[in-house]
Number of protein chains: 2
Amino acid sequence: MELIKNVNGLNEDAALDFYEKMFNALADKIRLKIMNEIGKSPNMNLCVCDLEEKLELQQSKLSYHLKKLVDANILIPEKHGTWNYYRINEEQIQVVLSEDTCCKIF
Amino acid sequence: MELIKNVNGLNEDAALDFYEKMFNALADKIRLKIMNEIGKSPNMNLCVCDLEEKLELQQSKLSYHLKKLVDANILIPEKHGTWNYYRINEEQIQVVLSEDTCCKIF
DNA sequence: ATAATTAATCAACTTTTTTTGATGAATTAA
DNA sequence: TTAATTCATCAAAAAAAGTTGATTAATTAT
């Protein structure tokens with residue numbers, strides 16, 4: 001049983017890097033809460049100031065965690081004037097998680 | 001859209017802890033390689049000394065990472081004489097990963 | 001009984017990750 | 001133009017995770 005298969009034509013080592021990065025991005029309570037809040041939001045996106053309120057976290061801490069999720073291509077940033085909105089990259093999420101799991105977490 | 005649903009009747013906070021722990025256990029190249037090697041093995045289990053050889057890692061380092069996977073209930077340890085065998089807890093894995101993803105990683 | 005093998009655990013150390021408060025750039029409002 | 005808001009980035013500090021080599025216990029082989 002071969003376990004680690006290519007992810008979009010990556011070699012085995014790059015695939016390991018990919019999964020490590022994806023799991024790592026999701027392996028944090030704050031970041032899971034960010035995903036959860038965005039998923040719950042009416043437009044499926046939130047700006048930093050929304051999250052600041054909802055999660056009661058300071059801005060620089062939020063930026064740090066948002067960056068991690070963007071770097072893993074799990075969140076997509078969108079600038080609207082002074083506001084930076086973030087939405088979930090469902091395609092990327094679904095590479096790693098089942099729809100069922102996806103529904104439970106996000 | 002409610003994202004974080006109960007995992008086996010856990011409340012939301014406990015569910016977050018659960019996923020954080022699971023993703024964290026999987027968010028490491030060495031641990032992914034361990035899973036991969038066990039999945040490839042004929043009996044679907046390997047002892048520490050097998051892994052030592054296959055992954056060229058020192059014993060104490062392996063024990064450290066194996067413990068992380070056991071603590072997350074992703075690996076199940078089985079003692080046979082002096083040998084400690086580890087096998088994958090597929091049930092637990094499937095709580096978090098889709099069969100498709102599962103096939104690609106493990 | 002003695003020696004060798006297997007593997008968990010420990011403490012010291014190193015490395016990585018996260019937090020914190022401050023600064024500055026860009027945009028909007030007055 | 002000036003003041004206020006939004007948010008990324010930075011450096012320093014704190015916290016967490018991972019590594020290393022040694023010790024120990026249990027089992028197996030001689």
Side-chain angles (χ1 to χ4, degrees), chain A residues 13 16-38 41 43 45-89, chain B residues 16-38 41 43 45-88:
Chain A
D13 206 58
L16 279 180
D17 282 333
F18 171 81
Y19 286 114
E20 186 185 42
K21 189 168 192 171
M22 287 291 287
F23 288 131
N24 191 46
L26 296 172
D28 182 274
K29 231 171 166 180
I30 289 177
R31 294 194 287 273
L32 289 175
K33 281 183 186 173
I34 289 171
M35 300 296 286
N36 187 40
E37 286 296 340
I38 295 175
S41 70
N43 299 335
N45 67 12
L46 290 175
C47 62
V48 182
C49 56
D50 290 335
L51 288 162
E52 228 175 314
E53 266 200 359
K54 286 176 193 295
L55 301 180
E56 302 188 74
L57 291 173
Q58 68 194 100
Q59 179 266 316
S60 66
K61 189 188 274 194
L62 264 170
S63 279
Y64 170 78
H65 288 287
L66 287 167
K67 188 169 170 9
K68 280 229 149 185
L69 290 165
V70 170
D71 286 350
N73 197 25
I74 288 174
L75 284 186
I76 297 171
E78 276 165 1
K79 202 176 180 70
H80 293 133
T82 321
W83 289 267
N84 282 14
Y85 282 86
Y86 291 86
R87 64 180 177 81
I88 293 173
N89 185 355
Chain B
L16 280 179
D17 283 332
F18 171 81
Y19 286 114
E20 185 185 44
K21 190 167 192 171
M22 288 291 287
F23 287 131
N24 192 46
L26 296 172
D28 182 275
K29 233 171 165 178
I30 289 177
R31 293 195 287 273
L32 289 174
K33 282 184 185 171
I34 288 171
M35 300 296 287
N36 189 38
E37 286 297 339
I38 294 175
S41 70
N43 299 335
N45 67 12
L46 290 175
C47 61
V48 182
C49 57
D50 290 335
L51 287 163
E52 228 173 315
E53 266 201 359
K54 286 176 194 292
L55 301 180
E56 302 187 73
L57 292 173
Q58 66 194 102
Q59 178 265 316
S60 65
K61 189 188 275 193
L62 266 170
S63 279
Y64 171 79
H65 289 287
L66 287 167
K67 188 170 172 6
K68 281 230 150 188
L69 290 165
V70 170
D71 286 349
N73 199 24
I74 289 173
L75 285 186
I76 297 171
E78 275 163 2
K79 202 175 179 72
H80 293 133
T82 322
W83 289 267
N84 282 13
Y85 283 86
Y86 291 86
R87 65 180 176 81
I88 295 174

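Numbers restart at 1 for each chain; the letters A, B, ... are given by sequence-line order, proteins then strands.
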Spacing between [X] atom [atom1] and [N] atom [atom2], to the nearest angstrom:
| X | N | atom1 | atom2 | value |
| --- | --- | --- | --- | --- |
| B:Leu75 | C:dA7 | CG | P | 14 Å |
| B:His80 | C:dT6 | NE2 | C1' | 15 Å |
| B:Lys29 | C:dT15 | NZ | C1' | 17 Å |
| B:Asn84 | C:dT9 | CG | C1' | 13 Å |
| A:Asp71 | C:dT17 | CG | P | 12 Å |
| B:Lys61 | C:dC10 | NZ | P | 20 Å |
| B:Gln59 | D:dG21 | CD | C1' | 11 Å |
| A:Asp28 | C:dT19 | CG | P | 7 Å |

Can you find a side chain N or O atom of A:Gln58 that sits less than 4.0 Å from OP1 or OP2 on C:dT20? yes
Check this one for me: any side-chain N or O of B:Thr82 less than 4.0 Å away from OP1 or OP2 of D:dT27?
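Result: no.
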The reported gap from CG in B:Asn24 to CG in A:Asp28 (rounded to nearest 0.5 angstrom) is 9.0 Å
- request: Kindly compute the distance separating CD1 (B:Ile74) from CD1 (B:Ile38), expressed to the nearest 0.5 Å.
  value: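 These two atoms lie 11.0 Å from each other.
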So which nucleotide from [options] ends up closest to the side chain of [X]?
| X | options | result |
| --- | --- | --- |
| A:His65 | D:dT6, C:dT19, D:dA17 | C:dT19 |
| B:Cys49 | C:dA7, D:dA8, D:dT20 | C:dA7 |
| A:Cys47 | C:dT9, C:dT6, D:dC7 | D:dC7 |
| A:Tyr86 | D:dA8, C:dT28, C:dA8 | D:dA8 |
| B:Lys68 | D:dG18, C:dT6, D:dG21 | D:dG18 |
| B:Ser60 | C:dT9, D:dG18, C:dA7 | C:dT9 |

Does a side chain donor of either A:Ser63 or A:Gln59 reach within less than 3.5 Å of an acceptor in the other side chain?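 Yes, side-chain donor-acceptor contact under 3.5 Å.
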Lys/Arg N to Asp/Glu carboxylate O, B:Asp71 vs B:Lys67, below 4.0 Å: yes
Whichever of B:Glu52 and A:Ala27 has the more 5' nearest nucleotide on DNA chain C, that residue is B:Glu52
I want to confirm an ordering. Mapping A:Ile30 and A:Lys79 to their closest nucleotides on DNA chain C, which one lands closer to the 5' end?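 Result of the comparison: A:Ile30.
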Exercise for review: Describe, in one word, how the ring planes of B:His80 and B:Tyr85 are oriented to each other, choosing from parallel (under 30°), tilted (30 to 60°) and perpendicular (over 60°).
Suggested key: tilted
